[in-house]
Amino acid sequence: MKIATWNVNSIRTRKQHVIDWLSANPVDVLCLQETKVIDKDFPREPFESLGYQVYISGQKAYNGVAIFSKQPMTDVSAGFTPVLGQELAEEFDEQKRVIAGVIENVRIINLYVPNGASLDSDKYIYKLRWLKKLREYLAKIILSSSHELCICGDFNIALEDRDIHDPMGKENHIMSSPDERQALESVLELGLKDAFRKFTEEGGHYSWWDYRAGGFARNRGWRIDHLYLTPGLFDRAINCTIDKEPRKQEQPSDHTPVIVEL
DNA sequence: ATGGCGAATGCAATTCGA
């Protein structure tokens with residue numbers, strides 16, 4: 001089974017890119033972030049025509065997540081509240097950042113973690129609180145179900161310096177500050193391992209490059225899109241790669257797909 | 001890195017992203 005994650009930065013703008021990529025790379029599951037569209041306007045048809053079930057949780061202009069799956073998923077849910085309760089709805093589920101479902105005894109949880117803007121921003125506080133809530137959400141799921149987990153998506157965090165093209169002096173930079181790294185480490189302590197690092201130790205491998213200042217051409221990137229697996233799945237992983245091809249196309253997303261093969 | 005680029009909204013200029 002192949003599972004991929006890709007922040008497309010608007011599914012309407014990137015529709016043809018995703019069609020082309022899926023035609024060439026017919027993965028079993030594709031998790032998308034930043035779809036940026038309300039559910040009734042999501043372009044379902046081309047992906048259903050490619051043989052995918054389409055599960056979406058979107059909103060106007062910002063955020064938005066989706067899962068495309070070759071086989072129907074069970075127990076599909078959006079947001080934290082189906083697990084943690086309705087009292088969180090306004091604070092955490094107004095922004096559409098979580099969609100999950102089960103396929104072949106694997107629970108796939110697709111995330112778009114808040115960016116945080118900068119360390120002096122209220123959005124950074126929200127990012128840290130959101131990650132703490134994510135930990136509660138995952139802990140409860142782990143306690144109440146026997147499925148293996150694949151937690152994937154745009155985490156907006158480069159966990160280690162080798163995940164950044166130029167890590168010097170990035171302690172106060174969003175996506176690499178100690179507090180947000182610790183918040184993610186705390187999530188991973190539940191028993192999740194980075195699929196990409198099972199196969200690749202060296203730096204220089206990124207999933208996002210800034211549109212500005214020729215970021216991609218100069219490979220000035222960050223590895224912030226991740227696939228984290230519970231131990232049973234991690235053992236089953238036979239490959240995990242970053243496909244830079246879509247980032248080379250005209251009018252690309254600033255992110256590119258990451259794929260794990262189980 | 002002061003900004004640089006791109007998308008959405010909505011129709012010009014602003015907000016957001018990372």
Side-chain angles (χ1 to χ4, degrees), chain A residues 5-19 31-43 56-66 92 94-98 110-131 134 152-181 183-184 196 203-226 242 244 246-258:
Chain A
T5 179
W6 189 6
N7 179 324
V8 289
N9 186 16
S10 169
I11 187 61
R12 287 177 293 178
T13 298
R14 230 64 65 192
K15 183 172 74 171
Q16 193 59 47
H17 292 72
V18 179
I19 292 167
C31 294
L32 301 177
Q33 305 87 33
E34 283 208 272
T35 53
K36 294 188 172 180
V37 66
I38 57 175
D39 292 351
K40 80 173 179 62
D41 292 337
F42 192 102
I56 57 180
S57 178
Q59 67 182 88
K60 184 176 169 181
Y62 303 113
N63 310 311
V65 283
F92 290 104
E94 212 162 87
Q95 300 179 24
K96 305 307 180 191
R97 298 179 176 279
V98 180
N110 175 24
L111 305 175
Y112 176 48
V113 177
N115 168 275
S118 61
L119 271 58
D120 59 358
S121 169
D122 289 344
K123 291 176 183 173
Y124 181 69
I125 305 298
Y126 183 74
K127 182 180 197 174
L128 296 178
R129 295 180 57 244
W130 195 94
L131 287 163
L134 173 64
C152 66
D154 176 1
F155 284 76
N156 273 315
I157 297 173
L159 208 45
E160 302 176 293
D161 283 355
R162 61 179 166 163
D163 299 322
I164 310 174
H165 67 89
D166 177 18
M168 289 293 286
K170 294 284 199 301
E171 302 81 17
N172 296 314
H173 195 291
I174 198 67
M175 302 191 292
S176 56
S177 69
D179 284 353
E180 59 194 298
R181 282 177 167 177
L184 179 52
F196 185 77
H205 298 278
Y206 312 122
S207 63
W208 171 83
W209 299 260
D210 201 313
Y211 285 122
R212 298 165 291 189
F216 184 68
R218 300 157 71 188
N219 199 27
R220 296 171 62 86
W222 295 60
R223 196 174 70 88
I224 57 176
D225 300 271
H226 306 296
I242 298 171
K244 291 171 74 172
R247 191 63 178 77
K248 301 173 184 173
Q249 305 299 315
E250 290 289 317
Q251 205 182 3
S253 169
D254 43 356
H255 297 251
T256 211
V258 187

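Numbered from 1 within each chain, the chains take letters A, B, ... in sequence-line order.
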For nucleotides [N] and [M], find the distance between their [atom1] atoms and express it as a whole number of Å.
N	M	atom1	answer
B:dA12	B:dA1	P	37 Å
B:dT2	B:dA13	P	25 Å
B:dG10	B:dT15	C1'	13 Å

Inset, instruction - For A:Arg223, check salt bridge (charged side-chain N to carboxylate O under 4.0 Å, His left out) against everything at least two apart and list the hits. - result: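 By the salt bridge (charged side-chain N to carboxylate O under 4.0 Å, His left out) rule, A:Arg223 matches A:Asp163, A:Asp194.
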
Legend entry - salt bridge (charged side-chain N to carboxylate O under 4.0 Å, His left out) contacts in which one or both residues fall within residues 5-18 of chain A, not counting sequence neighbours: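 Counting only pairs at least two positions apart or across chains, no salt bridge (charged side-chain N to carboxylate O under 4.0 Å, His left out) contact touches residues 5-18 of chain A.
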
Inset, instruction - Find the distance A:Arg218:CZ to B:dG4:C1' and express it as a whole number of Å. - result: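 Value for this atom pair: 11 Å.
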
Inset, instruction - Have a look at A:Arg220 and say if it touches a base, only the backbone sugar-phosphate, or nothing, with a 4.0 Å heavy-atom cut-off. - result: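 No contact at all - A:Arg220 keeps every heavy atom at 4.0 Å or more from the nucleic acid.
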
Legend entry - All ring-ring contact (aromatic ring centres under 6.0 Å, His included) counterparts of A:His205, not counting sequence neighbours: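 Only A:Phe196 meet the ring-ring contact (aromatic ring centres under 6.0 Å, His included) criterion with A:His205.
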
Legend entry - Partner residues of A:Phe42 under the ring-ring contact (aromatic ring centres under 6.0 Å, His included) criterion, sequence neighbours left out: none

Legend entry - Where protein sits on nucleotides 8-18 of chain B, one letter per nucleotide: B base, S sugar-phosphate only, - none, heavy atoms under 4.0 Å: SSS-----SSB

Inset, instruction - Quick one: list whatever passes side chain to side chain contact (heavy atoms under 4.5 Å, CB included) with A:Gln95, sequence neighbours left out. - result: A:Gln59, A:Asn63, A:Arg97, A:Tyr126

Legend entry - N or O in side chain of A:Gln251 less than 4.0 angstrom from B:dA7 OP1/OP2: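 It does, given that an N or O in the side chain of A:Gln251 lies less than 4.0 Å from OP1 or OP2 of B:dA7.
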
Legend entry - Polar side chain donor-acceptor pair, A:Ser118 to A:Asp120, under 3.5 angstrom: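 Per modelled atom types, A:Ser118 and A:Asp120 side chains form a pair under 3.5 Å.
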
